[in-house]
There are 2 protein chains.
Amino acid sequence: MSAAEQTPGGEDVTWGEVAPEAARRLLVAAVEAFAERGYHATTTRDIAGRAGMSPAALYIHYKTKEELLHRISRIGHDRALEILRAAELRDGAPADRLADAVRSFVRWHAERHTTARVVQYELDALGPEHRAEIVELRRETEATVRRIIEEGVAAGEFDVADPAGTTVAVLSLCIDVARWFNAQGRRTPDEVGAFYADLVLRMVGYRAQK
Amino acid sequence: MSAAEQTPGGEDVTWGEVAPEAARRLLVAAVEAFAERGYHATTTRDIAGRAGMSPAALYIHYKTKEELLHRISRIGHDRALEILRAAELRDGAPADRLADAVRSFVRWHAERHTTARVVQYELDALGPEHRAEIVELRRETEATVRRIIEEGVAAGEFDVADPAGTTVAVLSLCIDVARWFNAQGRRTPDEVGAFYADLVLRMVGYRAQK
DNA sequence: GGCGACTCTAAGCGCTTGCTCAGCTTCGTT
DNA sequence: AACGAAGCTGAGCAAGCGCTTAGAGTCGCC
């Protein structure tokens, strides 16, 4: 895990906003369970058990199992969007910003692949209202990437016939890292991020000016 | 749907090997239900209902709900592998064969995205033995693509630093089409296939000799 | 030291789940 | 006409589900 996702003390900062501590423990347990078995195959008893609590304790902190998923999904999507926006607002040529966006976005999906798997692949398990809210966040995510690509095209840096289609493909490629990435695998999140940044620059037809 | 996936009469050929007819109807119903809601959220009553039968009828043709998923997964993986192998064995330069493989593989995932969604994303719902069998097929799928890429590198057509990693990325990109593709969307399966073939040639550093 | 607010548990309710089974119908075969 | 096999249904079982409730323990605050 990179330092960016930890407090100076080394504690995971992802769920720092979730309080009190029992609610956070339940949420972390839910992320693990959902990632392992999927939302529908996970029982509230399993979540409570992983958090070291009785099944009823869950309902003191969350109204329903679906609300747990929503909290996870919301925080995860906020973080993913934040990462992309930070890259978009940075100084530098479009190619640099696109590479930066892909690098940090992919690194997050690899590093936190457990969370990302839930965030990216359990969208359909949300209820209609919560789903609509998250879909809106995904639209903004897509718009952010598309803007960078369109700037690159306008600047003559990229050779892209269909910016919208390319955006979908780029995001699809990056998000899917959460599905196959394995912490015991050959490469670190940093390496995968760098590799993917290079792949994406190729996809947009960028020729490095060496 | 392309002619390749139909009989001359126009009937869907994908599940042609499944007999008798009632078993096929149940299987098609299961594909639809699994794709819509996911394996765990689908009830045997829902499947039987879609096939116009009582819940008990399902168990005349299949031992368990998991066996249904396995049949779907097996047939789908066989078909996907067949598509890639056909492209591999064709005449032509590695770039042509890679483009061909991606084009037909992606077209299948777009055209039959309902099936592909189940095949590609419900792997974890399989029992241990069935899962192992399918994982082996996926290994062969990956090996097929990797072989084409390595031939392209050996022939000097491709500029790829990490063939194994590139293979994972290419397959990940293609498979994920099943997740986002929408039949009501802007582009046809043929168009997406052609677009993705071009993207992949860029990813492997192929320079068209125009 | 007493009280309300908060956190948690043991027990369990109502319901749905995957799956079973006795029995009815519909066959092709004799 | 008789019969066994195969396909299917209505009814329902045992288990597990999400969630609720009554009450116990613990805390800060006056």
Side-chain angles (χ1 to χ4, degrees), chain A residues 15-73 118 122-131, chain B residues 15-73 118 122-131:
Chain A
W15 311 114
E17 65 183 86
V18 182
E21 194 253 347
R24 184 165 51 243
R25 249 169 45 227
L26 283 163
L27 193 129
V28 169
V31 169
E32 284 172 15
F34 291 163
E36 247 173 61
R37 312 205 211 294
Y39 175 80
H40 289 291
T42 299
T43 68
T44 53
R45 286 161 173 82
D46 181 24
I47 297 169
R50 285 177 194 244
M53 302 168 91
S54 83
L58 197 152
Y59 293 90
I60 291 160
H61 300 282
Y62 302 96
K63 274 213 297 288
T64 63
K65 177 176 142 184
E66 193 263 355
E67 188 188 310
L68 252 174
L69 177 61
H70 174 241
R71 283 276 270 160
I72 294 166
S73 197
V118 178
E122 298 289 352
L123 182 67
D124 289 345
L126 288 170
E129 306 83 9
H130 286 159
R131 162 105 137 274
Chain B
W15 312 113
E17 65 184 85
V18 181
E21 193 253 347
R24 183 165 54 242
R25 248 169 45 226
L26 283 164
L27 193 128
V28 170
V31 169
E32 285 171 15
F34 291 162
E36 248 173 58
R37 314 204 210 296
Y39 175 80
H40 289 292
T42 298
T43 68
T44 54
R45 281 166 238 266
D46 181 23
I47 297 169
R50 283 176 195 246
M53 302 168 90
S54 83
L58 196 152
Y59 293 90
I60 291 160
H61 301 282
Y62 302 95
K63 276 213 296 289
T64 62
K65 177 177 144 185
E66 193 264 356
E67 189 189 311
L68 251 174
L69 177 61
H70 173 239
R71 284 277 270 160
I72 294 165
S73 196
V118 178
E122 298 289 351
L123 182 67
D124 290 345
L126 289 169
E129 306 84 10
H130 287 158
R131 162 105 135 272

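A, B, ... follow the sequence lines: proteins, then strands. Residue 1 opens every chain.
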Closest nucleotide among [options] to the [X] side chain:
| X | options | value |
| --- | --- | --- |
| A:Ala56 | C:dT20, C:dT9, C:dC19 | C:dT9 |
| B:Thr43 | D:dC19, C:dC19, C:dG18 | C:dG18 |
| B:Pro55 | D:dG18, C:dC8, C:dC19 | C:dC19 |
| A:Thr64 | D:dC19, C:dC19, C:dC8 | D:dC19 |

Carefully, step by step, assess B:His130 and B:His70 under the rule ring pair (Phe, Tyr, Trp, His ring centres under 6.0 Å). CA-CA 7 Å; B:His130 287 158; B:His70 173 239; 3.6 Å; yes

Answer with yes or no whether A:Arg45 presents, from its side chain, a donor or acceptor under 3.5 Å of a partner atom in the base of D:dG16. no

[X] [atom1] to [N] [atom2]: how many Å, rounded?
| X | N | atom1 | atom2 | result |
| --- | --- | --- | --- | --- |
| A:Arg24 | C:dT7 | CZ | P | 14 Å |
| B:Lys65 | C:dT20 | NZ | P | 14 Å |
| B:Leu68 | C:dG18 | CG | P | 11 Å |
| A:Ile60 | D:dG23 | CD1 | P | 16 Å |
| A:His40 | C:dG18 | NE2 | C1' | 17 Å |
| B:Ile47 | C:dC19 | CD1 | P | 10 Å |
| B:Asp46 | C:dG18 | CG | P | 10 Å |
| B:Tyr62 | D:dC8 | OH | P | 11 Å |

Using heavy atoms to find the nearest nucleotide of DNA chain D for B:Met53 and A:Leu58 separately, return the residue whose nucleotide is more 5′. B:Met53

Taking the side chain as everything from C-beta on, heavy atoms only, tell me whether A:Val118 gets closer than 4.5 Å to A:Tyr39. no

Could you tell me whether A:Ser54 contacts a base, only the sugar-phosphate backbone, or nothing, with contacts defined as non-hydrogen atoms closer than 4.0 Å? base

Between B:His61 and D:dC8, does any side-chain N or O lie under 4.0 Å from OP1 or OP2? yes

Would you indicate, yes or no, if D:dC19 has its OP1 or OP2 atom less than 4.0 angstrom from a side-chain nitrogen or oxygen of A:Tyr59? yes

What's the separation between atom CG in B:Leu27 and atom CD1 in B:Ile72, rounded to the nearest 0.5 Å? 4.5 Å

May I ask you to decide whether B:Glu67 forms a salt bridge with B:Arg71, counting only side-chain N to carboxylate O separations under 4.0 Å? no

For A:Ala33 and A:Thr42, the nearest pair of non-hydrogen atoms, with its separation, is O-OG1, 3.2 Å

